[in-house]
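For reference, the structure discussed in these notes is given below.
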There are 2 protein chains.
Amino acid sequence: MAAKQHELATDLERRIAAGEFSETNKLPTEDQLIEQYGASRYCVRGAIAVLAEAGEVFPVRGSGVFVREDREGMYMPISTSYGIAADFPDRKVVSMVRELALTRTDEKLAKRMRCDVDAPVWRVVRLRCVDDLPISYETAWYLKEYVPFLNEEIASGSLYRYMREDLGLRFGFTDKVIHMDWLGAEAARQLGLEEGDPAICIEDDAFLSNGKLFNASYNLYHYKNAKFYSMASMR
Amino acid sequence: MAAKQHELATDLERRIAAGEFSETNKLPTEDQLIEQYGASRYCVRGAIAVLAEAGEVFPVRGSGVFVREDREGMYMPISTSYGIAADFPDRKVVSMVRELALTRTDEKLAKRMRCDVDAPVWRVVRLRCVDDLPISYETAWYLKEYVPFLNEEIASGSLYRYMREDLGLRFGFTDKVIHMDWLGAEAARQLGLEEGDPAICIEDDAFLSNGKLFNASYNLYHYKNAKFYSMASMR
DNA sequence: TAGTGGTCTAGACCACAAA
DNA sequence: TTGTGGTCTAGACCACTAT
């Protein structure tokens with residue numbers, strides 16, 4: 001059972017997508033939404049905050065809550081993401097598993113993953129494509145403590161959906177570090193590029209809602225096919 | 001006069017930095033903070049939300065609000081930023097103005113900036129350095145409508161501080177698009193790299209709190225010296 | 001079971017935009 | 001001046017953690 005704010009947010013999203021507010025480009029006022037949904041102002045404002053954080057609307061004090069223009073083109077969100085599959089619900093997302101093994105952490109990985117050396121981890125290497133374009137070559141580790149079982153079929157789909165819906169994991173937050181890197185021979189071959197080509201690299205540490213790290217990954221992005229966006233409030 | 005939540009957030013930040021909670025790595029409970037600051041729960045939770053968004057703490061239901069480990073090294077926030085100067089308060093940030101001219105928007109720029117063609121804009125090209133390392137080569141446009149005056153002295157410092165404190169502009173949000181690009185001759189020369197070297201490129205559109213775009217920029221980052229981080233909640 | 005953060009309500013006043 | 005979103009208070013109950 002989702003929280004009421006999120007239900008409102010989802011419904012407002014639907015109404016925006018349906019073009020209900022396209023004439024004025026404005027949402028109903030908070031008081032009207034309170035009326036419409038029989039909810040408190042706290043809930044209504046929570047829902048608006050969700051949409052604002054997603055960059056779909058922006059509230060202007062004294063004036064109203066405005067719907068923002070659509071972003072054209074294929075961009076990946078750099079901040080919150082529930083996996084690439086969720087980012088492109090309308091596109092064909094394919095993950096090709098290149099490696100899947102249950103191994104143990106060496107010293108360096110254990111340090112990064114805040115766990116003991118020799119802790120069991122799944123190592124998953126995947127080539128990820130959207131609409132048949134190679135997007136990223138991803139090397140990820142999942143602590144077996146939190147992900148007891150994994151197979152190629154699951155890894156071919158959305159691992160995040162599996163962890164959330166089937167394993168019942170609750171996600172908390174992620175840390176990302178973004179920098180430039182160069183492709184090795186194997187990554188280049190997989191992405192259809194040349195060894196030594198540049199790539200945007202994102203190192204991602206993902207934590208559960210209890211603050212425990214469960215997943216670390218190293219992602220090399222295709223310099224042509226992958227673009228990112230980030231929206232942020234400046235208050 | 002800042003909002004009460006932000007005052008609390010600032011004070012909590014100070015206490016965290018002073019190591020007051022380093023033993024348990026936990027903030028006082030919400031009830032204790034209500035007591036300590038004589039504030040309502042709304043304020044206290046608002047302050048915690050500010051710190052959580054900045055990645056400094058993470059709240060765990062039923063358990064407490066935990067202080068997160070420090071990030072080591074020099075990283076730039078990819079999401080919210082009040083300018084590079086604010087990102088590195090303890091470092092020597094220098095902006096070298098390479099161009100500063102009052103010009104007019106051509107068709108393409110006008111479209112990007114959602115303004116009329118031939119609208120007056122300041123064009124500012126700067127090389128930005130942190131601790132004497134070249135970080136980025138930035139081409140930025142500021143609509144004269146919102147920034148009536150600019151000179152080299154101001155552009156050498158923090159333009160954002162100037163706009164906020166001296167011009168009284170209130171910032172709303174930014175859109176960023178991140179992708180790979182290659183350095184032209186001039187950008188390479190300025191950054192001390194070779195023409196054709198790769199660079200992370202961030203195109204940034206900045207809006208006032210009334211939703212009007214006032215600043216667009218095109219930023220090429222030094223592939224060695226610039227690293228970014230992004231922290232995000234996954235709820 | 002006790003303690004802690006998450007959600008929700010009801011109501012008040014303030015700051016700002018637009019007429 | 002009116003209407004809008006922003007901040008704040010007081011109080012209630014729920015969901016989860018830790019013991």
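Just so we're clear, the structure is a prediction, and the values are computed from it rather than from any experiment. A, B, ... follow the sequence lines: proteins, then strands. Residue 1 opens every chain.
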Quick one: [X] [atom1] to [N] [atom2], roughly how many Å, whole number?
X: B:Arg45; N: D:dG11; atom1: CZ; atom2: C1'; result: 14 Å
X: B:Asn210; N: D:dG5; atom1: CG; atom2: C1'; result: 14 Å
X: B:Leu27; N: C:dT4; atom1: CG; atom2: P; result: 13 Å
X: B:Lys212; N: C:dA18; atom1: NZ; atom2: C1'; result: 12 Å
X: B:Gln5; N: C:dC14; atom1: CD; atom2: P; result: 17 Å
X: A:Phe66; N: D:dT4; atom1: CZ; atom2: P; result: 12 Å
X: A:Ile34; N: C:dA12; atom1: CD1; atom2: P; result: 14 Å
X: B:Glu7; N: D:dC8; atom1: CD; atom2: C1'; result: 13 Å

Nearest to the side chain of [X] - [options]?
X: B:Ala39; options: D:dT9, D:dT7, C:dG6; answer: D:dT9
X: A:Arg41; options: C:dT9, C:dA12, C:dG5; answer: C:dA12
X: B:Ala3; options: D:dC8, C:dT7, D:dC16; answer: D:dC8
X: A:Cys43; options: D:dG5, C:dC8, C:dG6; answer: C:dC8
X: A:Tyr42; options: C:dT9, C:dT4, D:dG5; answer: C:dT9
X: A:Ser63; options: C:dG6, D:dT17, C:dA18; answer: C:dA18

Worksheet entry | DNA chain D: 5'-proximal contact among B:Ser40 and A:Glu30 (nearest heavy atom) |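 Upstream on the strand: A:Glu30.
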
Fill in: Distance, nearest 0.5 Å, that separates CG of A:Leu169 from CG of A:Asp166
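Reported value, rounded in 0.5 Å steps: 10.0 Å.
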
Worksheet item: Under a 4.0 Å N-O cut-off, is there an ion pair linking B:Lys212 with B:Glu145?
Response: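 No, no charged N to carboxylate O under 4.0 Å.
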
Fill in: Any donor-acceptor N/O pair under 3.5 Å between C:dG3 base and B:Arg61 side chain
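No, no donor-acceptor pair under 3.5 Å.
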
Practice prompt. Name the residue closer to the 5' end of DNA chain C, choosing between B:Gly64 and B:Arg170 according to the nucleotide with the nearest heavy atom.
Written response: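 Mapping each residue to its closest nucleotide by heavy atoms, the 5'-most match is B:Gly64.
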
Worksheet item: Can a side chain N or O of B:Lys26 be found less than 4.0 Å away from OP1 or OP2 on C:dT4?
Response: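 B:Lys26 to C:dT4 OP1/OP2: no side-chain N or O under 4.0 Å.
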
Item to complete: Assess the pair B:Phe171 and B:Tyr160: is the distance between their ring centroids shorter than 6.0 Å?
Response: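 Centroid distance B:Phe171-B:Tyr160: below 6.0 Å, so yes.
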
Fill in: No-hydrogen, no-angle side-chain donor-acceptor test under 3.5 Å, B:Ser217 and B:Asn219
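A pair is found: one side chain offers a donor N or O, the other an acceptor, under 3.5 Å apart.
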
Discussion item. Can you confirm whether A:Phe21 sits close enough to A:Ile16 that some side-chain heavy atom of one is under 4.5 Å from a side-chain heavy atom of the other?
Written reply: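 When only atoms from C-beta onward are counted, A:Ile16 and A:Phe21 do touch, with a gap below 4.5 Å.
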
